[in-house]
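Not measured: the values here are computed from a predicted model.
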Amino acid sequence: MKFMKLGTKPDSFQSDEDCIRYVASDLSTDVVINVGDVRFYLHKFPLLSKSARLQKLIAATIDEEINIPDIPGGPPAFELCAKFCYGMIVTLNGYNVVAARCAAEYLEMYESVESGNLVYKIEVFLNSSVLRSWKDSIIVLETTRTFHPWSEDVKIDVRCLESIALKAAMDPERVDWSYTYRKLNNNGVPRDWWVEDLSELSIDLYKRVISTIRRKGAVSPQVIGEALEVYASRRIQPDDDYDVDEERFLLESLISLLPSEKHSVSCGFLIKLLKSSVSLECGEDVRKKLSRRIGEKLEEANVDDLLIRASSEGCEIVYDIVETLLDEFITQTEKKDELDCSDMSVSDSSKAVVAKLIDGYLAEISRIEPNLSPLRFIAIAEKVSCFPRSSHDGVYRAIDMFLKQHPGITKSEKKTMCRLMDCRKLSQEACAHAVQNERLPLRVVVQILFLEQVRASAKPLLPASGSHGSSRTTTEEECDSVIATEETTRDKTSSSEKTKAKGVVMSRIFSKLWNGKDRDGVGDVSSSDTSESPGSATTVDDKFIPSTRRRRSSS
């Protein structure tokens with residue numbers, strides 16, 4: 001830390017209890033100056049030779065006693081100025097220079113009173129030492145808060161801000177590590193070398209520093225974003241004793257400082273801010289601003305990021321915020337598609353990532369939230385139902401987790417939920433699990449079994465004929481009639497008989513499917529789900545037909 005010594009005489013100030021200060025001298029004191037609750041017994045001559053304000057006060061007094069209760073810095077700052085008047089040694093440093101400068105301004109210790117006066121000496125120290133030092137500039141800026149508005153009037157805070165901003169904008173290769181609190185490492189000076197040092201500032205000063213740095217324009221938005229994230233990680237730490245209003249002001253201040261550039265801040269950091277805004281019950285405008293920013297880059301989030309809990313009793317997951325984020329993502333993606341139709345692959349890639357993210361999110365909230373309703377699950381899932389996916393395994397896992405944790409839902413709700421899943425896009429592992437899954441509706445299991453049989457036939461799954469001209473098809477109504485009968489039977493059986501009953505059900509259903517197929521030679525086999533369901537008509541491989549004929553002939 002930089003320092004400056006003034007004066008040559010030894011310090012002869014002494015105390016009598018805590019409220020009296022005097023100068024040890026052969027000369028009797030002739031003036032008493034009351035500063036706050038401290039009485040200073042001093043001599044007029046050294047004071048009058050340096051301070052224009054004391055000249056006027058002493059000239060106006062009758063009883064040789066002066067009151068100056070409003071001097072910046074109080075008794076310590078006045079004592080430092082008085083020692084300077086006596087020519088005693090005083091030491092200026094980053095911690096007391098602001099108090100000394102403001103007190104000297106108050107006492108009007110200018111060059112017009114005497115050459116080399118205290119104001120001039122302090123200005124030399126500030127300009128030649130303090131403002132050239134990174135660390136001292138930060139310390140001095142911190143101390144200006146106590147002396148507002150005096151520090152602002154003498155422009156100490158503005159000069160500190162400019163000094164800090166200029167140093168933060170320096171080329172890292174030119175940075176001398178004596179500027180910072182950190183130690184040199186073998187990897188050189190990183191571009192964000194200054195962000196941790198500034199995180200010690202109070203939010204009002206930090207906001208002014210960042211605004212000044214941004215105005216200079218020499219620091220990239222990405223580094224600004226990193227600085228804000230470091231500051232937030234240190235400052236936003238709610239506990240049982242935190243002040244809600246103070247934390248809310250801090251959060252809203254940080255949000256106002258976010259650079260507008262898309263890649264300046266990470267999605268994870270934005271979601272942390274959003275979570276804090278929920279717990280601190282910030283205004284709707286704050287949430288909307290963050291939601292728009294998150295929607296631009298939702299593909300960067302992870303499942304844990306989206307588990308946003310309310311601050312109210314129970315701390316349940318806030319689902320509407322995730323739906324809002326999805327809406328923002330869809331809106332932003334549509335805008336991009338309209339502006340650049342040639343870059344649809346980028347948009348589809350982002351959609352695929354978000355679809356996988358939401359699948360994982362639905363599986364997790366199904367596991368941890370017993371009060372999650374089927375309608376809410378479906379509403380969230382439907383928002384990404386049209387997004388491209390290479391596999392629907394994630395959708396299946398989410399549905400299966402919901403059915404496992406919420407066994408009381410109705411058959412109709414199960415059926416609606418399962419329509420979200422395209423069985424044609426399930427992996428072999430997922431299909432193997434699904435066909436033995438007692439939680440799934442029977443019609444879904446049948447559909448998966450049928451599709452697996454088609455896959456095993458080594459012929460591609462073909463779309464239904466556009467003419468719909470076949471004389472005979474296996475309709476959804478026919479499948480439903482068999483499935484409904486067998487489901488009733490299965491519901492009445494004990495759990496130990498369900499596996500055997502399931503085999504009987506499959507045998508009967510496939511017999512009906514193959515019989516209808518065999519009679520027409522090459523007919524369409526429709527899925528057991530509605531048009532929203534993933535099933536489609538297929539051409540059955542010839543190798544399945546003989547076995548069907550054998551079953552029919554034997555009967």
Side-chain angles (χ1 to χ4, degrees), residues 303 306-307 316-317 319 322-323 326 355-385 387 389 391-452 476 479-480 482-503 505-506 509 527-530 532-535:
V303 172
L306 300 183
L307 300 178
E316 294 183 350
I317 297 291
Y319 308 110
V322 173
E323 292 185 70
L326 275 173
K356 183 177 180 180
L357 169 68
I358 297 304
D359 293 344
Y361 170 77
L362 288 172
E364 183 63 14
I365 62 172
S366 296
R367 183 181 68 84
I368 65 177
E369 286 296 322
N371 297 324
L372 176 64
S373 69
L375 289 178
R376 177 68 76 175
F377 181 101
I378 294 168
I380 297 174
E382 284 181 339
K383 289 184 181 293
V384 296
S385 60
F387 285 12
R389 287 182 173 92
S391 167
H392 269 227
D393 285 12
V395 183
Y396 170 66
R397 279 193 293 270
I399 293 173
D400 183 49
M401 182 59 70
F402 186 92
L403 297 179
K404 180 180 180 181
Q405 299 296 329
H406 304 78
I409 69 171
T410 66
K411 291 181 180 179
S412 175
E413 289 170 333
K414 281 187 179 182
K415 184 183 292 185
T416 303
M417 189 172 292
C418 287
R419 288 188 184 127
L420 297 165
M421 176 176 59
D422 188 342
C423 297
R424 294 169 300 182
K425 292 187 176 181
L426 294 179
S427 67
Q428 290 185 349
E429 293 80 5
C431 288
H433 184 278
V435 296
Q436 300 184 50
N437 191 341
E438 293 287 342
R439 293 184 287 271
L440 291 178
L442 186 58
R443 63 186 2 256
V444 176
V445 177
V446 170
Q447 183 181 9
I448 294 172
L449 282 169
F450 177 72
L451 292 170
E452 283 295 283
E476 184 180 75
C479 286
D480 283 348
V482 177
I483 292 170
T485 302
E486 299 303 335
E487 280 186 332
T488 302
T489 303
R490 187 176 70 170
D491 290 343
K492 293 179 180 179
T493 60
S494 64
S495 59
S496 63
E497 297 174 329
K498 283 186 177 180
T499 302
K500 182 178 179 181
K502 189 173 183 179
V505 171
M506 298 309 158
I509 291 172
S527 82
S528 61
D529 272 342
T530 64
E532 297 178 41
S533 180

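- Asp393 contributes no side-chain N or O that, together with a main-chain N or O of Ala430, makes up a donor-acceptor pair within less than 3.5 Å.
- Put simply, the side chain of Gln405 does not reach to within 4.5 Å of the side chain of Leu372, judged on heavy atoms.
- Under the side-chain hydrogen bond (donor to acceptor under 3.5 Å, both in side chains) criterion, His433 pairs with Tyr396, sequence neighbours left out.
- Note that the CZ atom of Arg439 and the NE2 atom of His406 stand 12.5 Å from one another [nearest 0.5 Å].
- Closest of all the heavy-atom pairs between Val445 and Asn437 is CG2-O, 4.3 Å.
- Here the CZ-OG1 distance, from Phe377 to Thr416, works out to 12.0 Å after rounding to the nearest 0.5 Å.
- Atom CD1 in Ile448 sits 11.5 Å away from atom CD in Gln436 (nearest 0.5 Å).
- Here the shortest heavy-atom pairing between Leu440 and Cys418 reads CD2-SG, 4.1 Å.
- Considering every non-hydrogen atom in both Val384 and Ala355, the closest pair reads CB-CA, 4.4 Å.
- Closest heavy-atom contact between Leu403 and Ile409: CD2-CD1, 3.4 Å.
- Using a distance-only test at 3.5 Å, with no hydrogens or angles considered, no donor-acceptor pair links the side chain of Lys404 to the main chain of Ser366.
- Taking CD1 of Ile399 as the start and CZ of Arg419 as the end, the distance is 12.0 Å to the nearest 0.5 Å.
- Atom CG in Leu375 sits 6.5 Å away from atom CD in Glu413 (nearest 0.5 Å).
- Leu357 and Val303 get closest at one heavy-atom pair: CD1-N, 3.6 Å.
- Judged purely by atom type and a 3.5 angstrom limit, His392 uses its side chain to pair as donor or acceptor with the backbone of Asp422.
- Partners of Lys356 by side-chain hydrogen bond (donor to acceptor under 3.5 Å, both in side chains), not counting sequence neighbours: none found.
- Closest of all the heavy-atom pairs between Tyr361 and Leu306 is CE1-O, 3.4 Å.
- Taking the side-chain hydrogen bond (donor to acceptor under 3.5 Å, both in side chains) definition, one finds that Arg389 meets it with Asp359, sequence neighbours left out.
- Here the straight-line distance linking atom CZ of Arg397 with atom CG of Leu426 works out to 10.0 Å at 0.5 Å rounding.
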